[in-house]
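Okay, structure first, notes after.
Each ligand, and each atom within it, is numbered from 1 in the order the structure gives. Nothing fancy with the numbering, it's 1 onward along the sequence. Since this is a predicted model, take the numbers as computed values, not measurements.
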Amino acid sequence: MQRLKDKIALVTGAGQGIGKAIALRFAQEGADVIVNDVSLETARKAADEIEKTGRRSLAVRADVSISGEVGGMKQAVEKKFGPVLDILVNNAGIAKILPFTDTTEEIWDKIIGVNLKGTFLCCRAFTPWMIERRYGKIINMSSKSGKSANAWFAAYCASKFAVIGLTQSLALDLAPYKINVNAVCPGIVFTPHWDELQKQYAVKRGMPAEKVREYLAGKIPLGRAQTPEDVASVALFLASDRSSYMTGQAVNVTGGQEMR
Ligand code: NAD
């Protein structure tokens, strides 16, 4: 049985990595999926893959940190699907590993802008439709770094801790309307996100870049890094009615590395 039959879902930052895995998984489970990304090219490729599963899709280029672009995305969704969104996954995110003293105002604003403000703007844009229909599932991508901090990661940790605060507050606001708001906290997933992070982490630890992945995976109790599909499985559970009594939670997908 398909768990998201005929639902309409939007996944931000779904051109690659975790977001793409979530978008494809949702489509396999019967949802029509809008693929957002700042890169129209990758969004289109992911949307094409979704259409091959037999579900409808729409690629929308928008920077989630810019209010006007999120507004344009909402219009594009309404034009194709009507004023309906069952599932919103705020997945778009960026990171940089660097010493706190090198964290410029520009870097701070960019990371907080995409990871936190982007989540706020998309929630603000689409919750009125969910409230109207007394139905909705919002899934915000936080991180293990939203539960416990790492050095050289101040802006990212601040953004991901804040995403959990936003998730909890919004869960309370929207509970009367039967809208579930939860967060997912992955630990280490070697997506394209890590191509640059790996070099930055090597500088931080003074180790060769090619040793970073093995070193990090070696610290995970379950013995391997998470895959995008591991994260997509938990997102699917939170998007489905099997988790209808859960709201305001931040679920770890870290192979046992984070237990708070
Ligand atoms: P990724 O870099 O592989 O993919 C992120 C996607 O988001 C890219 O396609 C990118 O173009 C898009 N994006 C970036 N800025 C955007 C913006 N302003 N508007 C719209 N789209 C934008 O990253 P990923 O590893 O798949 O990470 C996805 C999410 O998971 C992020 O929120 C990240 O912080 C979080 N996360 C990742 C890991 C990990 O180890 N990979 C761990 C914990 C949490």
Check against side-chain hydrogen bond (donor to acceptor under 3.5 Å, both in side chains), Asn115 and Ser159: CA-CA 6 Å; Asn115 299 4; Ser159 73; 3.1 Å; yes
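- Under a 4.0 angstrom heavy-atom cut-off, Gly187 registers as being in contact with ligand 1.
- The closest heavy-atom contact to atom 35 (C) of ligand 1, among the options Glu196, Met73, Lys144, Met141, comes from Met141.
- Listed by number with element, the atoms of ligand 1 under 4.0 angstrom from any heavy atom of Ile188 are 40 (O).
- Considering each of Gly15, Gly17, Gly93, Cys185, the one bringing a non-hydrogen atom nearest atom 5 (C) of ligand 1 is Gly93.
- Nearest-residue assignment for atom 12 (C) of ligand 1 (options Asn36, Val253, Asn91, Asp37; heavy-atom criterion): Asp37.
- At most 12 heavy atoms of other shown residues, nucleotides or ligands fall within 6.0 angstrom of atom CD in Glu132.
- Annotation: atom 37 (C) of ligand 1 to nearest protein heavy atom, Ile18 CD1, 3.7 Å.
- Between Asp241 and Arg3, none of the side-chain N atoms (NZ, or NE/NH1/NH2) sits under 4.0 Å from a carboxylate O, so this pair counts as no salt bridge.
- Looking at Asn115, Ile94, Thr42, Val38, it is Val38 that brings a heavy atom closest to atom 17 (C) of ligand 1.
- The side chain of Trp194, and not its backbone, has at least one atom closer than 4.0 Å to an atom of ligand 1 (non-hydrogen atoms only; side chain from C-beta on).
- By the 4.5 Å heavy-atom criterion applied to side chains, Leu121 and Ser65 are not counted as neighbours.
- Residue contacts with ligand 1 for Lys160 involve side-chain atoms from C-beta outward but no N, CA, C or O (heavy atoms, distance under 4.0 Å).
- Contact annotation: Ala43 has no heavy atom less than 4.0 Å from any atom of ligand 1.
- For Gly19, no nitrogen or oxygen atom sits less than 3.5 Å from a nitrogen or oxygen atom of ligand 1, counting backbone and side chain alike.
- Electrostatic pairing of Glu49 and Lys20 counts as a salt bridge here, judged by a charged N lying under 4.0 Å from a carboxylate O.
- Taking every non-hydrogen atom of Ser143 and a distance limit under 4.0 Å, the qualifying atoms of ligand 1 come out as 43 (C), 44 (C).
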Check against side chain to side chain contact (heavy atoms under 4.5 Å, CB included), Tyr156 and Ser143: CA-CA 9 Å; Tyr156 186 77; Ser143 170; 3.8 Å; yes
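- Remark: Asp195 engages Arg213 in a salt bridge, criterion side-chain N to carboxylate O under 4.0 Å.
- Ligand-side atoms of ligand 1 in range of Tyr156: 33 (C), 34 (O), 35 (C), 36 (N), 43 (C), 44 (C), range being under 4.0 angstrom from any heavy atom.
- Close approach to Ala62 involves these atoms of ligand 1, each under 4.0 Å from a residue heavy atom: 19 (N), 20 (C).
- By the 3.5 Å distance cut-off applied to N or O atoms, His193 is counted among the residues near ligand 1.
- Clustering ILVMFWY residues whenever any of their side-chain heavy atoms sit less than 4.5 angstrom apart, transitively, puts Leu170 in the very cluster that holds Leu85.
- Residue contacts with ligand 1, taken as heavy atom pairs separated by less than 4.0 Å, do not involve Ala14 at all.
- Atoms of ligand 1 lying under 4.0 Å from at least one heavy atom of Ala92, given by number and element, are 20 (C), 21 (N), 22 (C), 32 (O).
- Hydrophobic side-chain contacts under 4.5 Å tie Val184 into a cluster, directly or through other members, with Leu4, Val11, Ile18, Ile22, Leu24, Phe26, Val33, Val35, Ile50, Ile87, Val89, Ile139, Met141, Val189, Val231, Val234, Leu236, Phe237, Leu238, Met246, Val251, Val253.
- Ion pair Lys80/Asp32 not flagged as a salt bridge, since none of the NZ, NE, NH1 or NH2 atoms sits closer than 4.0 Å to an Asp/Glu carboxylate oxygen.
- Heavy atoms of Gly118 come nearer than 4.0 angstrom to ligand 1 in no pair at all.
- For the pair Asp230 and Arg224, the salt-bridge criterion is met [side-chain N within less than 4.0 Å of a carboxylate O].
- If you look at Pro192 next to ligand 1, the close heavy atoms, those under 4.0 Å, come from the backbone and the side chain alike.
- Ligand 1 has no nitrogen or oxygen under 3.5 angstrom from a nitrogen or oxygen of Ser142.
- Taking a 6.0 Å sphere around NZ of Lys219, one finds it holds more than 12 heavy atoms contributed by other residues, nucleotides or ligands.
- The shortest N or O to N or O distance between Ser65 and ligand 1 is not below 3.5 Å.
- Figure legend: Lys7 and Tyr135 shown as a cation-pi pair, the cationic atom lying under 6.0 angstrom from the six-membered ring centre and within 45 degrees of its axis.
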